[in-house]
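Read the numbers this way: they start at 1 and go in the same order the structure lists the ligands and their atoms. Owing to the predicted nature of the structure, the values given are computational and were not obtained by experimental measurement.
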Amino acid sequence: MLKKFFSPDDFIEEYDFIDIEYMNMHNKKVIISDLDNTLISWDSKRDTKQLTKWLNRMRKAGFDIIVVSNNTEERVKEFCEKLNLQYVAEAKKPLTTGFKKALQKLNRKPEDAIILGDQVLTDIFGAKNLGGAMSVLVKPISKTDAFKTRINRFFERKIIKKLKNRKQFPKMKLRRKIKS
Ligand SMILES: [Mg+2]
């Protein structure tokens, strides 16, 4: 039960662990990504140079990247327009409507997609609810969280601990040096 809904298919240290090789290995065409603490820190103090580089490399290789975030239209729009990213805001993850909207925009099936995010209770649980997609958990960029997230983290820690005890939680894959 816990494994079925909360154990990610993979666990990575940073979003750019997903590269062209990774996409091809898993036969995926689309990355549906969370925004806060997945691509940028939730208080967005970090510059986006590394992110831009990764986005350009992935898009050039023909992969689609779309943001699905629970954050407000205002915040998500501002960020995504700067980076020329498609997005769905106010997605209400773990509900699946946001993911479905994103797939519709790209004319893709769940099976084509990696769903990437830093929270087990929203991103991973949502991906599992949708079904078909590969769920990838990423270590949160910032150690702090917005208040709402802090409550989720409390339950998340308990779930991860249980899954780890049962050896049902993947080991984190460490970041590789990027060739550019
Ligand atoms: Mg997040």
Side-chain angles (χ1 to χ4, degrees), residues 2 5-18 22 28 30-52 54-55 58 63-83 85-103 105-106 110 113-130 133-161 163 169-170 172-175:
L2 273 186
F5 290 112
F6 299 110
S7 185
D9 295 317
D10 207 356
F11 182 21
I12 60 178
E13 189 177 17
E14 203 160 353
Y15 60 82
D16 56 12
F17 191 92
I18 299 177
Y22 189 96
K28 301 297 174 195
V30 181
I31 302 167
I32 299 177
S33 181
D34 176 50
L35 181 60
D36 297 302
N37 262 344
T38 295
L39 298 182
I40 47 165
S41 63
W42 72 279
D43 50 2
S44 80
K45 274 179 192 144
R46 206 189 207 206
D47 84 79
T48 51
K49 224 171 107 191
Q50 180 198 333
L51 176 59
T52 308
W54 178 74
L55 288 173
M58 296 306 280
F63 300 113
D64 287 317
I65 300 162
I66 186 164
V67 165
V68 172
S69 170
N70 282 356
N71 213 327
T72 61
E73 173 77 24
E74 196 188 357
R75 150 95 166 156
V76 180
K77 185 180 178 186
E78 191 202 340
F79 181 82
C80 289
E81 281 188 345
K82 250 193 284 177
L83 291 171
L85 268 169
Q86 296 195 70
Y87 69 89
V88 177
E90 292 163 32
K92 301 190 175 71
K93 293 177 280 185
L95 298 183
T96 58
T97 39
F99 295 140
K100 284 178 186 156
K101 264 188 216 164
L103 288 166
K105 278 188 192 219
L106 302 172
I114 283 179
I115 294 181
L116 175 70
D118 68 296
Q119 283 195 70
V120 165
L121 289 181
T122 54
D123 306 308
I124 302 304
F125 186 32
K128 301 278 181 173
N129 282 335
L130 179 73
M134 179 180 178
S135 59
V136 178
L137 183 70
V138 64
K139 189 179 125 190
I141 288 177
S142 168
K143 275 190 182 133
T144 60
D145 282 303
F147 179 70
K148 210 167 56 187
T149 308
R150 268 181 257 160
I151 300 166
N152 278 344
R153 292 282 185 213
F154 173 79
F155 294 103
E156 180 182 285
R157 274 196 296 273
K158 288 181 182 267
I159 291 169
I160 292 177
K161 200 175 160 201
L163 285 167
F169 203 81
M172 187 170 75
K173 290 179 177 153
L174 298 181
R175 188 162 188 269

Among the N, O or S atoms that Asp118 has, which is closest to the Mg ion (ligand 1)?
-> OD1
Donor-acceptor side-chain pairing of Thr149 and Asp145 below 3.5 angstrom | no
For Lys100 and Leu130, indicate whether the former's side chain and the latter's backbone hold a donor-acceptor pair under 3.5 Å.
-> no
Side chains of Asp16 and Gln50: donor-acceptor distance under 3.5 Å anywhere?
-> yes
Looking at Asp36, the N, O or S atom sitting nearest the Mg ion (ligand 1) is O
Option among Asp123, Asn70, Thr122 that satisfies the side-chain hydrogen bond (donor to acceptor under 3.5 Å, both in side chains) test with Lys93 = Asp123
Report the name of the N/O/S atom of Asp34 located nearest to the Mg ion (ligand 1).
-> OD2
